[in-house]
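Notes follow the structure.
Just so it is clear: chains get the letters A, B, ... in the order the sequence lines come, proteins before strands, and each one is counted from 1.
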There are 2 protein chains.
Amino acid sequence: MREFLRTKGFKMTPQRELIFKSFFAMGKHVSVDELYDKVRQQDSSIGYSTVWRNLKLICKVGLAEEVNLGDGVTRYDRATETPHGHFYCIDCRKLTEFGMDNIVGQLAIISRENDFVPSGFKIEIQGRCRACRDKRAGEKTTAESAEAQRA
Amino acid sequence: MREFLRTKGFKMTPQRELIFKSFFAMGKHVSVDELYDKVRQQDSSIGYSTVWRNLKLICKVGLAEEVNLGDGVTRYDRATETPHGHFYCIDCRKLTEFGMDNIVGQLAIISRENDFVPSGFKIEIQGRCRACRDKRAGEKTTAESAEAQRA
DNA sequence: TCGAAATTGAAAATCGTTTTCAATTGGCCG
DNA sequence: CGGCCAATTGAAAACGATTTTCAATTTCGA
C-alpha cells in the first residue's frame, strides 16, 4: 500500500494506514461519520478532516468511489471489479447490491448510439425490502390515510 | 391543478400557481436556485423557502422527483410517463436523457428475484459528451501528465 | 362570513462538506 | 546521517445547500 501510494505521489502516515485499513475492513457504503467513529476507536486523536481527506484520496487513487443516494450523506463504496447496482430501500435506507453484467452491455450500446463515451454506470432501484414491507404490513392497522401528509 | 391539489389536501395560492407553472415551463433538471430566479422575474416578492417548499410539494404529489448527481445540488425532474436514464457528463455536468424501456423490464426481474418491490429505477451513465471530448482533444497539447494530481 | 389549517417570507438554524492555517511528519537528496 | 521541502495532520472556521422557525397572512370549507 505504502508503495502503491508512493508511485502516485502520496506519502504513508500512521493515520492514513489506520484509515485505509479500517475502510477496507468495513462493509460497503461507508460514510465519513461511520469511518470516523470506527477509526476513533483505535486512535481517538485522529481528526475528522483527516478521515474525510483520506476517503477522498482513496477515491482519487481509484480504490473506491462516491455513492450518492440523495439523503444528504455521501457514501464511499469500495471499487469492485464486477459492476453492480443498488437496491435502495426507501424505508430503512439500506443498500443492497446486485450484479448488472448483462445490463452493462446494453448501457454501453445505448451510450455508443448517443455519441457518449461512458466511464461508469450507476443503477439504483428504489423500493421496499422484505423487512420493511413486513413491518409496514404489521403497522397497517390504524391511521393509514393521514400518513402521506405532514412531512 | 387547483382541484388536483385540493384532493390531496393542499391549497392553491398565487405564489404556488406561479411556481408550479414556471417549473413545468422550464426544461428538465431544475435546481431550486434556477427556479427561484425564474420565478423572481415574475414576482420578486416570492421567498426562497416558498420555492423550495413547493418544489418539495411537487415531488410529494408525484409530479416530479429529485435527481441527485453528487455535485451538491438537488435537481428536480418532471415525472414522465416514459422511464429514462441520464447521461451525466463528468466535464460539463450536463444531463441528457435516454429511454430505458427495455432495461426496466430486466430491472423488474432482478428485483423480483431479490425479493425487492421496486417503485422506481434510476440509471446514470457517467462519461464524456461529444462536446467535452472535442474540447479536451483541442487542449491536449501541453501539460497532460501532471493533471491528475493536486485537487 | 368565520375560523381552523395551510401557506408565506425572512431570518436563522442545520448539517455535511470543504478549506484554512500553523505545526508536524515523511521521505528523498546530498 | 542530517536537512529540507512537500505532504499531511488536527482544530477550527468557512461554506453552501437545505430545512426549520415564527409571526403574519391567506385559503377554503363550514
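- In the helix from C:dT1-D:dA30 to C:dG30-D:dC1, the terminal helix axes, each the rotation mapping four pairs' C1' atoms onto the next four within five end pairs, subtend 30°, rounded to 10°.
- The salt bridge (Lys or Arg N to Asp or Glu O under 4.0 Å) search around B:Arg78 returns none, not counting sequence neighbours.
- Within the 4.5 Å cutoff, no side-chain heavy atoms of B:Arg6 are placed close to those of B:Met12.
- Atom CG in A:Leu57 sits about 19 Å away from atom P in D:dA6, given to the nearest Å.
- To the nearest angstrom, P of D:dA7 lies 16 Å from NZ of A:Lys8.
- Partners of A:Asp33 by side-chain contact (heavy atoms from CB on, under 4.5 Å), not counting sequence neighbours, listed by chain and number: A:Ser31, A:Tyr48.
- Positionally, the nearest nucleotide of DNA chain C for B:Ile19 lies more toward the 5' end than for the other of B:Ile19 and A:Val73.
- Between A:Ile58 and A:Tyr76, the closest side-chain pair of non-hydrogen atoms is not below 4.5 Å.
- Considering A:Lys60, A:Arg75, A:Lys56 in turn, A:Lys56 is the only one that fulfils the salt bridge (Lys or Arg N to Asp or Glu O under 4.0 Å) rule with A:Glu66.
- Dashed line: the shortest gap from a side-chain N or O of B:Trp52 to OP1 or OP2 of D:dT19 is under 4.0 Å.
- As rounded to whole Å, 14 Å separates atom C1' of D:dT18 from atom CG of A:Asn68.
- For the pair A:Gly62 and A:Ala79, the tightest heavy-atom approach, listed with the atom from each and the gap, is O-CB, 3.7 Å.
- Side-chain contact check for A:Val61 versus A:Phe10: some heavy-atom pair is nearer than 4.5 Å.
- Between the P atom of C:dT8 and the CG atom of B:Leu55 lies a distance of 13 Å, rounded to the nearest Å.
- Within the nucleic acid shown, A:Asn54 comes within 4.0 Å of sugar-phosphate atoms alone, with no base atom in reach, counting heavy atoms only.
- Residues A:Gln15 and A:Leu18 fail the side-chain proximity criterion, which asks for heavy atoms closer than 4.5 Å.
- Near DNA chain C, meaning a heavy atom under 4.0 Å from it, residues 40-51 of chain A has A:Tyr48, A:Ser49 in order of number.
- In terms of the side-chain contact (heavy atoms from CB on, under 4.5 Å) criterion, residue partners of A:Arg40 (sequence neighbours excluded) are, by chain and number, A:Tyr36, A:Ser44.
- If you take CD of B:Glu17 and P of C:dA6, they are 21 Å apart, rounded to a whole angstrom.
- Between B:Arg16 and B:Leu57, the closest side-chain pair of non-hydrogen atoms falls below 4.5 Å.
- Using a 4.5 Å heavy-atom cutoff, the side chains of A:Thr74 and A:Val32 are not in contact.
- Residue B:Leu55 holds its CG atom at 11.5 Å from CG of B:Leu63, rounded to the nearest 0.5 Å.
- Between A:Glu66 atom CD and C:dT17 atom C1' the separation is 10 Å, expressed in whole Å.
- Atom CG in A:Leu18 sits roughly 11 Å away from atom P in D:dT9 (whole-Å rounding).
- Regarding contacts with the backbone of D:dT19, every side-chain N or O of B:Arg53 stays at 4.0 angstrom or more from both OP1 and OP2.
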Sort me out a list of protein N/O and nucleotides 27-30 of chain D N/O pairs below 3.5 Å, or just none if empty.
{"residue": "D:dT27", "atom": "O3'", "partner": "B:Met12", "partner atom": "O", "Å": "3.2"}
{"residue": "D:dT27", "atom": "O2", "partner": "B:Lys11", "partner atom": "NZ", "Å": "2.6"}
{"residue": "D:dC28", "atom": "OP1", "partner": "B:Met12", "partner atom": "N", "Å": "3.1"}
{"residue": "D:dC28", "atom": "OP2", "partner": "B:Arg2", "partner atom": "NH2", "Å": "2.8"}

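- Here the P atom of nucleotide D:dT18 and the OH atom of B:Tyr36 are 14 Å apart, to the nearest Å.
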